[in-house]
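The structure appears below as structure tokens.
For the single chain, residues carry numbers from 1 onward in sequence order.
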Amino acid sequence: MGTVAADSIVDLARKVNEKSNEPIVVQTVRCTVGATLAYAAAEWFINAGPPPLLAPLTALLVVQVSLYATLTTGFRRINSVIAGVLIASAFSTFVGLSWWSLGLLIGSALILGHLVRVDEFVPEVAISAMLVLGVSHVAAMAWDRVGETLIGAACGILLNLVIAPPVYVEPAGQAIAELARDMRALLMRMSRELEEGARRENAVRWLHQARGLDDDVAGVDAALNRADESMRFNPRVREGLLARLVLRSGLDTLEICCVVLRTLCRSLTDLSHRRRAEPVYEGEVAGALSELFTHLADAVDSFGRLITAQVSTNAEAAEGQLTEALENGRADRDRIAELLRIETEREPDRWELHGALLANVDRILNELDVERRSQWLAEELDRHRQDPGKPSPTYRMRRVVRRAKRKVRGLGKGR
């Protein structure tokens, strides 16, 4: 009974710890504390006039889950208010307030907001300008608004400096491991159904499931972006560069494997259309492919666990399992190549599909290769030490492709 109770307490503590580090919980606590401190500080420094509600409002907008996001958001918020105050002061001096000058002020303020690159705070430029222009004492209101904004932004930034925000490396690693498990589930399904005599309808379901992995990749990318921001300027992080490279390169590898796996499923689907009511593969070829997909599933899953281990604990065990799975996969590939050669002699019109199948298997095995990945990480670490601010061409290209794929998916969902 005592052991059960102890296990329950440990499990409850783990769940509470996980919940306390979720972005929604962290953001709620930080916004509440930051806004309260900002209001108290503004009341202390700005005695006259109405309640300084702009200070807590600024703190609410500035305080983010990560210190990096807080800093960048704070500077954009301050720039937007100062820009609005300056343009309102100019209008009050030369034009005054009327219906046409208000429209001209709003349009000019929005254009100015884009010029000073305050991003999501572009409307704040116009709002600040209207509030300042709408009072009789423009100069006093302008300086109060700037002062409250500075106080709110300072409180938000200081809050993250004093209380270091959490690091979201572990959730990002878990997201990568989950993506690897989803790929493993697909490969294991293909292995099982091939052994059972998979036909056209099975291949179509494989292709549909492979296409669904794109959404999983987008979710992992968002988790990695959050982890990347949480590591910047964070005093809790000691080896942030290595963790970022391990996670980002892990996602890039799995994303390529997802594309190759989808192409592989496409080849099997095309082959099933030609075979019609017959199994996609049967006999010795089906058994060998079943073994190959099982070993590929083990390799992908081991790769996901390797990524998680590299940013948390010892990675030797996961690396050993990955190496073993890749060796078994290469042996299966060589065996299947010989079997497919015999199939091609018997059905020469299908040589292209057999070749595409082998080429896709080779690509997955190469992408998951341990030595290749270790060499790439070493090169990237050296390059970052020499030129830390410049991302690699491969990284930039993959980011462009990933953004384009998101837009395409968004257009498809909107139809």
Side-chain angles (χ1 to χ4, degrees), residues 12-13 15-85 88 113 116 118-132 134-135 137 139-171 225-237:
L12 178 61
K15 290 181 179 179
V16 170
N17 182 62
E18 289 177 356
K19 289 292 183 182
S20 64
N21 283 329
E22 286 186 359
I24 295 177
V25 177
V26 173
Q27 184 73 343
T28 301
V29 173
R30 289 183 175 279
C31 285
T32 302
V33 175
T36 304
L37 291 177
Y39 183 81
E43 275 196 322
W44 177 269
F45 288 104
I46 303 175
N47 296 321
L53 295 177
L54 182 60
L57 174 61
T58 301
L60 283 173
L61 296 174
V62 166
V63 172
Q64 301 294 321
V65 178
S66 67
L67 178 57
Y68 173 77
T70 296
L71 288 171
T72 54
T73 303
F75 287 125
R76 290 199 300 271
R77 166 76 179 178
I78 293 171
N79 287 340
S80 68
V81 171
I82 292 177
V85 166
V116 297
V118 293
D119 297 337
E120 71 270 28
F121 293 121
V122 168
E124 180 64 27
V125 180
I127 293 172
S128 297
M130 287 188 292
L131 290 176
V132 171
V135 298
H137 305 290
M141 175 65 178
W143 283 113
D144 286 347
R145 186 165 178 82
V146 172
E148 291 178 27
T149 301
L150 290 173
I151 291 173
C155 287
I157 294 172
L158 286 175
L159 179 66
N160 273 6
L161 289 175
V162 174
I163 306 174
V167 180
Y168 295 104
V169 172
E170 185 176 349
N225 288 335
R226 189 180 70 191
D228 185 48
E229 282 194 355
S230 71
M231 286 185 282
R232 294 188 183 185
F233 310 137
N234 197 315
R236 295 185 182 184
V237 179

Minimum heavy-atom separation for A55 to I151, with atom names?
CB-CG2, 4.5 Å
Quick one: are I127 and E124 in side-chain contact, heavy atoms under 4.5 Å?
yes
Looking at every non-hydrogen atom in both residues, tell me the closest pair between A35 and P56 and how far apart they are.
O-CB, 3.4 Å
To the nearest 0.5 Å, tell me how far E148 CD sits from Y39 OH.
9.5 Å
How close do A38 and G152 get, counting heavy atoms only, and between which atoms?
CB-CA, 3.9 Å
Less than 4.0 Å between a side-chain N and a carboxylate O, is that true for R76 and E120?
yes
Could you list the residues that satisfy side chain to side chain contact (heavy atoms under 4.5 Å, CB included) with V29, not counting sequence neighbours?
V33
Option from V118, V81, N79, I82 for which side chain to side chain contact (heavy atoms under 4.5 Å, CB included) with V125 holds:
V118
